[in-house]
Amino acid sequence: MDGVPGHDGDVFAERRAKLAAWRKTGTAYPTKYQPRDEIGPLRAAYERLEAGGEAPDVHRVAGRLMAKRIHGKVSFLVVKDMSGELQLFCALDALGKDRYAALEHLDLGDHIGAEGTMMRTRRGELSLRITSWQLLSKSLRPLPEKFHGLTDVELRYRKRYLDLIINDESREVFVKRAAIIKSIRDFLDGRGFVEVETPVLQPLYGGAMARPFVTHHNELKRDLYLRIATELYLKRCIIGGIDRVYEIGKDFRNEGVSYKHNPEFTMLETYEAYVDYNHVMTMVEEMVGAAARAVGSLTVDFRGHEIDLTPPWPRTTMRAAILEKSGIDIGADDARTVADLQARIKDAGLVDKVPLAPTWGTQVDELFSETVEPHLIQPVFITEHPLETSPFAKKCPHDPRFVERFEGFIAGMETSNAFSELNDPDDQRARFLQHVSDFAAGDETAHQLDEDFLEAMEYGMPPTGGMGMGIDRLVMILTGVPSIRDVILFPALRS
RNA sequence: GGGCCGUUAGCUUAGCUGGUAGAGCAGGGGACUCUUAAUCCCAAGGUCGAAGGUUCGAAUCCUUCACGGCCCA
């Protein structure tokens, strides 16, 4: 390619002009570059080459042009593929006048392929001494600045592809995310769990307390909800005899956005027949430990805390945790009603901190959220939640105001939630009916009566331990990034 | 929803109590046979997030809005 004239300082026009010149040669966007070596393995194979050393074998690499250092008769390019970067040593002698001159008109961001032999420069940089090269794809827009990179947080989210091109740490998070999910699959598959897919579009939403997204099916002439949980379908699988079942998929909750909330997020739910929530607790700490080891160590840094995920994790009842942090015993005789509990909150001087709630269970939840949750930095299982806020969990035999439930907290975030699943259809119906009246009283997150689910349960559901885990939050913790937007490739943003 | 902070060239940014925007990288032209944030010389590139307002004069002060970040609810 000859030199492209251009002097108006317009980067886009310059690149357009170069592309036009390439199109004339018919080689601006070829279909392939094969065979080629991945840069990472190639580097590894020649790692021991000494400075000034040369190797005879011919290799071909392809990637995006990330740096360009043009000199008079010898120039240096840096190309990058997913596995790493490699310097191309480009000498006038080896390329010939025209192909050497054409290098000058490449732009950072172009994809190129190059062929040559491996060498290490006198200054010690492993390089490919190239004998030929070709343009694989022309880039029309300039990349972010090479030294500072792309730091604007908003741009990183809106144009994630640029973030991925420039910020290796960012790409690394998503590679680790895949490894974490794979380790979870391996863990569950190894225990004989069956992975299934259940409906995203549901006629009734349930399995969690959250407001849904609503959509409409034109042909069926009915509204459908995007699922807020997979729970009720996975239990149908348990009833159907898939004794160990799980699903990893997107749930959708029509709620606010924060460092730990995105309206669509990835949830793992597992159900195992014939076990209770104690069994599930052990499974969770082992599974998280396996995931942590898959991408690093059992000790992670998150939001300024060093967190040790080594199992086993402490287990403490919600009653004991609240007593310790607030001095209030929610199980005591003088705290058995909402009014009594609120009086105890007042006695404890917490009335400004803890919002008032309509029921005993929701009041306990508020008290817990305010006084205990922020302190749960190291992994811990909080067990035995109030009945009212846990409509799918079995009552504790020793105190029916509480249920056989746990939440796993890490770094102040709820990352797992599990029950000894309620399998008594009459009790389940009673719980639904309570929620129906709560809904009527204005609680949009209360459950609706799911007659079809009740019918399934009436055929007999085995005793079951079930669990839900927020994958995005787990990835945050295991990769040490502070915001859920850093573990979701294309997070929700205003337009 | 509330508080604080931010938005200046493709990217990273400077710009004091208001005086008409300065740089680095990227891009253009030139020099250079081992550079690696290459270096050196030359030239170019900006409706300062948007809309109003105050003023002789606004990137700068005021108001509203948009988007984002952090914290709080």
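FYI, side chains are in, hydrogens and waters are out, and symmetry mates aren't considered; it's all heavy atoms of this structure. Quick note on labels: first sequence line is chain A, next is B, and so on, each numbered from 1.
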Please determine whether a side-chain nitrogen of the Lys or Arg among Arg401(A) and Glu384(A) lies less than 4.0 Å from a carboxylate oxygen of the Asp or Glu. no

Which residues pass the side-chain hydrogen bond (donor to acceptor under 3.5 Å, both in side chains) test with [X], sequence neighbours left out?
X: Arg16(A); value: none
X: Asp308(A); value: Thr310(A)
X: Asp152(A); value: none
X: Glu145(A); value: His148(A)

Strictly under 6.0 Å, is that where the ring centroids of Phe89(A) and Phe76(A) end up? yes

With a 6.0 Å cut-off on ring centres, are Tyr46(A) and His59(A) close enough?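 Ring centroids of Tyr46(A) and His59(A) are less than 6.0 Å from each other.
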
Using the [atom1] atom as the point on both nucleotides, what is the distance between [M] and [N], in whole Å?
N: C72(B); M: A9(B); atom1: P; result: 32 Å
N: U63(B); M: A23(B); atom1: P; result: 33 Å
N: G57(B); M: C41(B); atom1: C1'; result: 38 Å

Over all strands shown, is [X] touching base, sugar-phosphate only, or nothing at heavy-atom distances under 4.0 angstrom?
X: Asp152(A); result: sugar-phosphate
X: Lys159(A); result: nothing
X: Gly149(A); result: sugar-phosphate

Side-chain donor/acceptor pairs under 3.5 Å, residues 481-491 of chain A, sequence neighbours excluded:
unit_1: Ser483(A); atom_1: OG; unit_2: Arg485(A); atom_2: N; d: 3.1
unit_1: Arg485(A); atom_1: NH2; unit_2: Ala492(A); atom_2: O; d: 2.7
unit_1: Asp486(A); atom_1: OD1; unit_2: Tyr157(A); atom_2: OH; d: 3.0

Phe409(A): what forms a ring-ring contact (aromatic ring centres under 6.0 Å, His included) with it, not counting sequence neighbours? Phe368(A)

In numerical order, the residues of residues 82-90 of chain A whose heavy atoms come under 4.0 Å of RNA chain B are Gln87(A), Phe89(A)

Sorted by number, the residues of residues 349-369 of chain A with heavy-atom contact under 4.0 Å to RNA chain B: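 Result for residues 349-369 of chain A: none.
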
Go nucleotide by nucleotide along RNA chain B from the 5' end; which of Lys73(A) and Ala67(A) gets its closest nucleotide reached first?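 The answer here is Lys73(A).
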
Nearest-nucleotide check on RNA chain B, Leu108(A) vs Leu150(A); residue mapping nearer the 5' end is Leu150(A)

Between Arg494(A) and G68(B), is there a contact of a side-chain N or O with OP1 or OP2 at under 4.0 Å?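 Looking at the OP1 and OP2 atoms of G68(B), one of them is under 4.0 Å from a side-chain N or O of Arg494(A).
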
side-chain N/O Lys18(A) vs G28(B) OP1/OP2, d < 4.0 Å: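 For G28(B), OP1/OP2 do have a side-chain N/O of Lys18(A) under 4.0 Å.
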
Considering only residues two or more places apart or on different chains, which pairs with a residue in [range] satisfy salt bridge (charged side-chain N to carboxylate O under 4.0 Å, His left out)?
range: residues 109-118 of chain A; result: Arg60(A)-Glu115(A), Asp110(A)-Lys138(A)
range: residues 61-79 of chain A; result: none
range: residues 314-331 of chain A; result: Glu285(A)-Arg315(A), Arg319(A)-Asp329(A)

Leu155(A) side chain: which of G27(B), U36(B), C11(B) is closest? C11(B)

Tell me which nucleotide, if any, is Watson-Crick or G-U wobble paired with G27(B) when both distances must be under 3.5 Å.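 Pair assignment: G27(B) / none.
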
Identified pairing partner of C4(B), criterion: Watson-Crick or G-U wobble below 3.5 Å: G69(B)

Nucleotide N/O to protein N/O under 3.5 Å, stretch nucleotides 69-72 of chain B:
unit_1: G69(B); atom_1: OP1; unit_2: Arg485(A); atom_2: NH1; d: 2.0
unit_1: G69(B); atom_1: OP2; unit_2: Arg485(A); atom_2: NH1; d: 3.1
unit_1: C71(B); atom_1: OP1; unit_2: Arg303(A); atom_2: NH1; d: 3.2

